[in-house]
Amino acid sequence: MNAGYLMHGGDYNPEQWLDMPEILETDIERFLEAKINTVTLGVFSWAKLEPQEGVYRFEWLERIIDRLYENGISVILSTPSGARPHWMADKYPEVLRVNGMRQRNLFGDRHNHCLTSPVYREKVRLIDTQLVKRLGGHPAVKLWHISNEFGGECHCPLCQEAFRNWLRKKYKTIDALNDGWCTTFWSHTYDNFEQVESPSPIGERSIMALQLDWRRFISDQTIDFMESEIAAIRAAGSDKPVTTNLMYKFWDIDYFKMAEKLDIASWDNYPTWHKCEEWETARDTAFWHDVIYSLKKKPFLLMESCPGATNWQSVSKLKKPGMLEAASLQSIAHGADGAMYFQMRKSRGSQEKFHGAVLDHYDGREVRTFREVCATGKMLETLGEVAGARTQANVAVVYDWENHWALEGSCGPRNENMHYMESVEKSWRAFRRMGLNVDIVNQKSSLEQYRIVAAPMQYLFHDGFADRIRKFVENGGTFVLTYWSGVVDENDRCFLGGRPHGLMDVFGLRAEEIDGLYDWEENRICRPENAGTGKIEGLKEQYRCQYLCDLVKPSTAETLMVYGDDFYAGTPALTVNHYGAGKAYYICADAEQSFYDDFYRTLVRESGMTGAYEGEIPEGVEVTSRSGEQADYVFIQNYNRFETQVKLPGGEILFGPADGKLKPLESVVVKRKKAQDAL
């Protein structure tokens with residue numbers, strides 16, 4: 001993304017201060033002191049850029065970009081489509097969204113606009129075109145930021161017709177739709193596409209495939225809108241890269257599909273630091289850094305984070321000393337080429353006036369947050385050579401957005417919480433505990449580059465997924481599938497003939513029943529009394545399991561662990577099947593984390609892989625690595641609330657203590673020359 005430096009800066013809203021030019025001059029002085037090298041402009045500036053329809057006022061923005069450029073500060077220029085001006089809603093009410101109750105919203109809030117509306121799309125195209133022509137060629141502008149935090153849905157007549165057209169394209173005939181949706185159940189058969197409407201609290205809610213297709217449509221329509229903005233930028237003459245800011249645990253849009261249209265992935269990260277032990281929050285955040293990196297498998301950008309306390313979380317907790325630096329470095333460790341903030345200066349009023357910022361309402365240099373931003377800027381400048389380095393992974397964990405949607409609406413075997421994300425994160429954590437980089441992939445991703453792939457709870461199988469698994473195992477890979485996988489097709493129709501569909505020979509078993517456990521229930525997975533040839537080293541005698549227990553009937557699979565309780569005590573809970581040159585493991589129950597830790601440690605040891613850390617990584621310590629053309633970089637961070645001794649790998653210390661004694665929230669970065677360069 002950047003050669004030789006890491007981005008440091010964030011969202012800047014100078015239009016709020018145009019009547020106070022002395023503040024704008026002070027801002028630049030402070031930015032330079034904090035080693036701010038990049039700011040994002042124009043995210044919510046539409047009313048200032050086009051105060052009346054067709055009347056454009058770009059002079060103020062151009063002056064600010066000029067001034068920033070004179071001081072060596074680059075610009076990420078945003079399209080303003082995240083929030084429309086009042087005049088548009090007044091003149092064109094169709095641009096406002098309609099909710100599931102079929103009520104049109106009033107003007108207000110962000111993203112309260114219909115992404116299908118031809119009027120809205122045309123107004124966005126016009127202002128994007130003007131932005132490109134006026135400012136797109138400015139040497140300060142390095143990147144386009146498309147809109148802001150896409151999300152939400154609209155049920156207006158325009159969207160209903162667009163949904164029907166989406167369905168016509170997919171199914172071709174109404175008979176094919178009825179077959180795919182199993183509409184004969186409850187006599188909900190459609191006579192024509194015109195009868196189809198989006199799911200509603202006052203309408204159709206019982207057809208799972210309808211709900212699944214509606215979610216696909218909303219995701220596709222959002223991506224299509226984003227593409228129309230990108231097309232407007234390209235048509236106006238700019239070829240600079242584009243991004244948009246993705247969000248944490250946001251399920252409405254398939255980010256794998258959205259990222260295909262972006263040059264750079266970026267996301268907004270707002271952890272609730274200090275709500276629990278810092279290592280717990282760091283682990284959760286690290287998973288999402290890996291998701292965002294994996295979308296394009298190249299460096300991403302941390303577009304927003306908070307230098308202080310947010311104002312919208314349930315409690316506005318201050319970051320303790322050292323937290324900002326540690327959190328920013330964590331993003332770099334996982335593949336970011338920049339750590340950015342929302343916001344650069346606090347506004348005087350409205351909803352986010354108390355949201356943390358680089359500059360407070362009192363912007364003296366001695367303010368603690370500002371001093372910590374300065375320290376972070378210095379750290380990022382020191383580590384500039386890391387920019388462009390990639391994270392290389394030999395293991396992957398499958399997370400699939402559409403599978404997630406299908407599980408949420410599956411109506412069984414649990415309806416309160418299927419714990420899908422927990423099951424994905426358990427496998428990811430186990431690999432990370434060994435200092436291994438981990439890619440997060442979906443069912444359509446290529447698997448050839450990996451040695452071990454884990455696919456927890458893949459309830460919905462996309463066309464071709466079973467074939468990719470079969471080929472991967474045949475060619476010598478180790479694949480781990482878990483309970484409640486290969487159950488339904490892409491329309492949420494149950495496969496006939498057994499599960500996991502298309503893979504019963506690969507895994508050497510057939511899953512027959514699944515037991516949903518109450519939240520207070522537990523079972524055990526245990527070593528069988530007579531393990532025989534099916535013994536696996538490195539596992540304890542027993543582990544707890546809960547939530548879901550799959551009951552399977554082996555054919556060629558060896559039983560490695562069995563259930564300890566209930567009427568299915570003694571039946572398989574963990575199996576392995578040799579297929580082709582590889583191995584196919586099946587985990588039958590939602591086991592505790594320690595099982596995954598022990599199990600994957602055994603698989604990794606058998607594979608001969610090693611992580612970036614020699615020996616056992618201390619609890620509460622995170623180890624990550626990035627690989628550049630000339631060197632590798634190992635990041636070791638202590639998220640414990642006490643000093644922790646770590647074993648440093650050989651190499652040059654770029655940042656942090658050389659003795660390996662890491663204080664709470666302290667980090668060390670080690671540069672290691674590649675083998676060919678060390679000769």
Side-chain angles (χ1 to χ4, degrees), residues 3-6 279 282-283 286 289-290 293 299 322 325-326 328-337 339 375-376 378-395 429-439 449-452 597 600-601 603-640 642-679:
Y5 75 95
L6 298 167
W279 65 265
R283 183 180 63 185
H289 283 315
D290 283 355
Y293 179 89
E325 184 178 275
S328 299
L329 184 59
Q330 185 188 42
S331 69
I332 305 302
H334 285 265
D337 270 2
T376 301
K378 184 178 180 180
M379 173 192 70
L380 295 175
E381 187 177 68
T382 299
L383 297 175
E385 66 180 84
V386 175
R390 305 208 173 194
T391 68
Q392 296 181 341
N394 291 319
V395 298
R429 290 169 191 163
F431 289 128
R432 274 291 181 193
R433 284 285 307 273
M434 291 176 276
L436 294 170
N437 288 339
V438 187
D439 281 348
Q449 70 187 82
Y450 305 109
R451 297 167 71 176
I452 302 175
D597 293 343
Y600 285 119
R601 187 179 295 110
L603 298 193
V604 169
R605 184 173 60 246
E606 289 178 353
S607 75
M609 287 187 292
T610 57
Y613 190 90
E614 248 185 73
E616 192 78 14
I617 298 174
E619 293 283 349
V621 171
E622 181 179 300
V623 178
T624 314
S625 63
R626 292 180 66 168
S627 181
E629 291 184 6
Q630 304 299 324
D632 296 328
Y633 304 89
V634 180
F635 300 77
I636 305 175
Q637 297 190 277
N638 179 26
Y639 286 102
N640 290 306
F642 49 84
E643 184 178 279
T644 304
Q645 179 71 52
V646 299
K647 184 176 181 180
L648 299 181
E652 175 189 356
I653 306 296
L654 292 184
F655 178 80
D659 60 3
K661 293 180 180 178
L662 299 183
K663 298 175 183 176
L665 303 180
E666 196 169 33
S667 308
V668 61
V669 181
V670 181
K671 175 182 178 180
R672 300 191 299 188
K673 286 187 176 182
K674 289 186 177 294
Q676 64 269 26
D677 299 320
L679 296 178

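Nearest heavy atom pair, residue Pro657 against residue Ser667, reads CD-O, 3.6 Å. Contact record, Ala612 with Val634: O-CG1, 4.0 Å, taken as the closest heavy-atom pair. Considering all non-hydrogen atoms of both residues, Gln449 and Asp439 come closest at NE2-OD2, 3.9 Å. Closest of all the heavy-atom pairs between Ile636 and Lys647 is CD1-O, 4.3 Å. Tyr613 and Pro618 get closest at one heavy-atom pair: OH-CD, 3.8 Å. Pairing each heavy atom of Leu380 with each of Ala339, the nearest pair is CD1-CB, 4.2 Å.
When side chains are defined from C-beta on, Val669 does not count as touching Thr382, because their heavy atoms never get closer than 4.5 Å. Inter-residue side-chain proximity for Ile452 and Asn394 is flagged as unmet; no heavy-atom pair is nearer than 4.5 Å. Side chains of Lys663 and Asn638 form no contact here, defined as non-hydrogen atoms less than 4.5 Å apart. Within the 4.5 Å cutoff, the side chain of Arg626 has heavy atoms near those of the Phe635 side chain. Annotation: side chain of Leu383 is in contact with side chain of Leu329 (closest heavy-atom distance under 4.5 Å). In this structure, the side chains of Arg283 and Glu622 stay at 4.5 Å or more apart for every pair of heavy atoms. The closest side-chain heavy-atom distance from Glu385 to Gln630 is not below 4.5 Å. Proximity of Ile653 to Val670: side-chain heavy atoms (C-beta onward) are separated by under 4.5 Å at one or more points.
Heavy atoms of other residues, nucleotides or ligands lying less than 6.0 angstrom from CD of Glu643 number more than 12.
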Task: CA sep, side-chain torsions, deciding dist, call: Arg433, Glu616, side-chain contact (heavy atoms from CB on, under 4.5 Å) - done: CA-CA 8 Å; Arg433 284 285 307 273; Glu616 192 78 14; 4.1 Å; yes
TODO: Apply the test side-chain contact (heavy atoms from CB on, under 4.5 Å) to residues Val395 and Arg451: give CA-CA distance (whole Å), side-chain angles for both, the deciding distance (0.1 Å), then the verdict.
DONE: CA-CA 6 Å; Val395 298; Arg451 297 167 71 176; 5.7 Å; no
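Among His334, Arg390, Arg432, the single residue meeting the side chain to side chain contact (heavy atoms under 4.5 Å, CB included) criterion with Asn437 is Arg432. Residue Arg601 is tested with Leu603, Val604, Asp597 for a side chain to side chain contact (heavy atoms under 4.5 Å, CB included); the sole match is Asp597.
Separating the CG atom in Leu665 from the CG atom in Asn640 is a distance of 9.5 Å, to the nearest 0.5 Å.
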